[in-house]
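So the structure is just underneath, and the comments pick up after that.
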Amino acid sequence: MGTAGNGKPAAAGGVALVALAVWLLPAMAHAQLRVGFYDTSCPNAEALVRQAVAAAFARDAGIAAGLIRLHFHDCFVRGCDGSVLLTVNPSGGKTERDAAPNNPSLRGFEVIDAAKAAVERSCPRTVSCADIVAFAARDSIALTGSVSYQVPAGRRDGRVSNESDTVDLPPPTSTAKNLTDLFAAKNLSVEDMVVLSGAHTVGRSFCNSFVNRVWDQSATPPKAIVDAGLSASYAALLRALCPSNTSQTTPITTAMDPGTPNVLDNNYYKLLPRGMGLFFSDNQLRVDSAMAALVSSFAANEALWKQKFAAAMVKMGRIQVQTGTCGEVRLNCGVVNPTSSAEAVVELVGSNTPAAGEGDVATS
């Protein structure tokens with residue numbers, strides 16, 4: 001300990017150092033995410049998740065897109081903490097899962113539950129639901145796009161899930177500025193946003209997400225329209241598919257990439273210049289010059305896009321994570337642990353847990 005000029009201990013300096021240490025805790029927590037986190041505590045964790053995803057994919061190839069989107073929707077709301085999985089809001093009210101951006105379109109919950117059950121049988125109270133979601137998204141990308149990358153783990157599960165927090169999710173009606181701002185709020189760049197938008201090359205969308213591009217529902221009766229940036233022929237196909245009275249509950253869906261709907265490739269970027277970006281937000285990547293340049297680059301070079309996509313997924317997987325003794329390791333992904341239970345405060349311990357600030361891996 002240092003001393004003040006009068007020879008007395010520098011108490012104020014000590015307090016300042018303690019305050020600085022407390023302020024640095026969140027940054028240190030981020031560093032605890034690392035590849036191989038469960039190598040000792042649950043060495044077969046990732047293999048069990050991979051098996052659950054592969055089994056679901058064998059039954060329905062479309063589930064892969066759902067699991068990728070599940071990870072995105074988890075991370076963008078309160079960080080990657082499994083909050084999107086909760087079916088009950090401990091403080092009352094609706095959860096993220098019940099919110100319009102997620103219900104009824106979000107899927108894959110049963111796959112996460114199956115993976116969690118398998119992991120719990122093998123390694124009780126060890127692997128978080130948030131990490132399982134991240135592993136499942138990675139495995140889905142491998143199955144649909146032959147893209148491999150390692151997932152830094154060590155996330156813990158949150159105890160809060162509010163419908164209102166889903167305002168952080170970029171809606172399909174987003175402008176280029178909306179997209180830039182929403183991603184910047186999560187420390188993701190314009191390039192990250194354009195790269196991650198390429199996930200729209202797999203999966204399906206409900207009519208309600210794009211109906212306003214082909215029908216003017218405010219007119220009486222509704223009037224056929226063709227939104228700027230949408231080709232007339234594609235608009236006609238969408239109009240034939242989606243009735244003019246489409247609403248949030250209309251169950252009709254269409255592939256976001258009509259050419260290769262179950263393959264993670266760069267076809268999304270090739271469709272945009274042809275006026276075949278399904279959402280208004282997709283077309284915004286064309287009208288912004290910086291984004292358009294990236295679209296052209298990825299359309300011309302699939303290997304480049306896949307490399308950047310894997311890196312962006314890892315970067316996204318670090319958003320506002322809880323680690324160490326923050327949060328909990330949920331025993332059931334749909335509900336928080338009972339506060340009276342010892343398991344509610346059990347620490348998530350990986351193999352050779354590094355000291356704060358050690359063991360992090362590059363994100364790009």
Side-chain angles (χ1 to χ4, degrees), residues 62-63 65-113 116 128-130 132-134 136-137 140 155-175 178-179 181-186 188 193 196-197 199-200 202-213 217 242 246-254 256 278-282 284 316-317 319-322 327-328 330 332-336:
I63 197 65
L67 290 167
I68 297 169
R69 184 167 179 255
L70 189 66
H71 186 36
F72 179 89
H73 280 227
D74 182 34
C75 290
F76 256 64
V77 182
R78 305 191 67 86
C80 311
D81 67 346
S83 57
V84 74
L85 306 174
L86 290 174
T87 58
V88 178
N89 185 341
S91 61
K94 291 185 176 181
T95 64
E96 296 170 31
R97 188 163 166 171
D98 297 321
N102 295 330
N103 186 15
S105 60
L106 209 58
R107 60 191 301 231
F109 298 104
E110 72 285 355
V111 182
I112 302 302
D113 289 341
K116 175 64 171 175
S128 69
C129 298
I132 290 174
V133 171
S140 296
R155 300 165 189 80
R156 284 170 66 90
D157 300 318
R159 300 188 182 98
V160 178
S161 183
N162 294 315
E163 176 189 31
S164 59
D165 290 336
T166 58
V167 294
D168 286 353
L169 291 168
T173 54
S174 295
T175 64
N178 294 151
L179 291 169
D181 291 346
L182 286 167
F183 276 72
K186 305 300 179 184
L188 295 172
M193 184 273 294
L196 291 169
S197 294
H200 288 177
V202 289
R204 305 180 66 83
S205 173
F206 283 84
C207 286
N208 193 55
S209 294
F210 57 85
V211 67
N212 62 337
R213 303 191 74 196
Q217 293 181 311
C242 303
T246 290
S247 69
Q248 179 77 20
T249 58
T250 300
I252 303 169
T253 65
T254 189
M256 292 187 285
L278 185 60
F279 307 127
F280 176 84
S281 58
D282 290 329
Q284 290 293 292
M316 184 188 76
I319 296 174
Q320 296 170 279
V321 294
Q322 298 189 49
E328 64 185 16
R330 229 177 277 156
N332 178 333
C333 290
V335 295
V336 299

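Since the model is a prediction, treat every value here as computed from it, not as a measurement.
Note: Leu188 CG to Leu179 CG = 12.0 Å, rounded to the nearest 0.5 Å. To the nearest 0.5 Å, the span separating OG on Ser247 from CG on Asn208 amounts to 6.5 Å. Rounding to the nearest 0.5 angstrom, the gap separating the CG atom in Leu67 from the CD1 atom in Ile132 is 12.0 Å. Distance CZ/Phe109 to SG/Cys129: 12.0 Å, rounded to 0.5 Å. With values rounded to the nearest 0.5 angstrom, Leu85 atom CG is found 8.5 Å from Ser161 atom OG. Atom CG of Leu182 sits about 10.0 Å away from atom CE of Met193, to the nearest 0.5 Å.
Distance alone, capped at 3.5 Å, is enough to place a donor-acceptor pair between the Asp74 side chain and the Ser83 backbone. Remark: side-chain polar atoms of Asp157 are paired, donor with acceptor, to backbone N or O of Ala130 under 3.5 angstrom. Within the 3.5 Å criterion, the main-chain N or O of Ser174 finds no donor-acceptor partner in the side chain of Gln284. For Thr87 (side chain) and Gly334 (main-chain N/O), a donor-acceptor pair under 3.5 Å exists by modelled atom type. At distances below 3.5 Å, not a single donor-acceptor pair connects side-chain atoms of Arg156 with backbone N or O atoms of Ser128. Side-chain atoms of Arg330 come within 3.5 Å of backbone atoms of Gly158 as a donor-acceptor pair (strictly under, hydrogens ignored). Proximity of a side-chain donor or acceptor of Asp113 to a complementary backbone N or O of Glu110 within less than 3.5 Å is not detected.
Applying the salt bridge (Lys or Arg N to Asp or Glu O under 4.0 Å) test to Arg204 and every residue at least two apart in sequence or in another chain returns nothing. Partners of Ser164 by side-chain contact (heavy atoms from CB on, under 4.5 Å), not counting sequence neighbours, listed by chain and number: Asn162. Every residue two or more places apart in sequence or in another chain that forms a side-chain contact (heavy atoms from CB on, under 4.5 Å) with Ser209 is listed here: Pro172, Ser205, Phe279. Among residues two or more places apart in sequence or in another chain, the side-chain contact (heavy atoms from CB on, under 4.5 Å) test is passed with Cys242 by Cys207, Phe210, Thr246. For the side-chain contact (heavy atoms from CB on, under 4.5 Å) test, residues two or more places apart in sequence or in another chain that qualify with Ser105 are Arg69, Phe206.
Residues Thr254 and Leu278 share a closest heavy-atom pair of CG2-CD2, 4.1 Å. Smallest separation of non-hydrogen atoms from Ala137 and His71: CB-CB, 3.6 Å. Nearest heavy atoms, Cys333 versus Ile112: SG-CG2, 4.2 Å.
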Residues Val77, Val84; criterion side-chain contact (heavy atoms from CB on, under 4.5 Å); working and verdict: CA-CA 8 Å; Val77 182; Val84 74; over 6 Å; no
Candidate pair Phe76 and Thr166, rule side-chain contact (heavy atoms from CB on, under 4.5 Å), full reasoning: CA-CA 8 Å; Phe76 256 64; Thr166 58; over 6 Å; no
Pair Gln322-Glu328, side-chain contact (heavy atoms from CB on, under 4.5 Å): steps then yes or no: CA-CA 9 Å; Gln322 298 189 49; Glu328 64 185 16; over 6 Å; no
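Using a 4.5 Å cut-off on side-chain heavy atoms (C-beta onward), Leu106 and His73 make contact. Counting heavy atoms from C-beta on, the side chains of Asn89 and Glu163 never come closer than 4.5 Å.
The salt bridge (Lys or Arg N to Asp or Glu O under 4.0 Å) pairs that include a residue from residues 93-107 are Asp60-Arg107, where partners are two or more places apart or lie in different chains.
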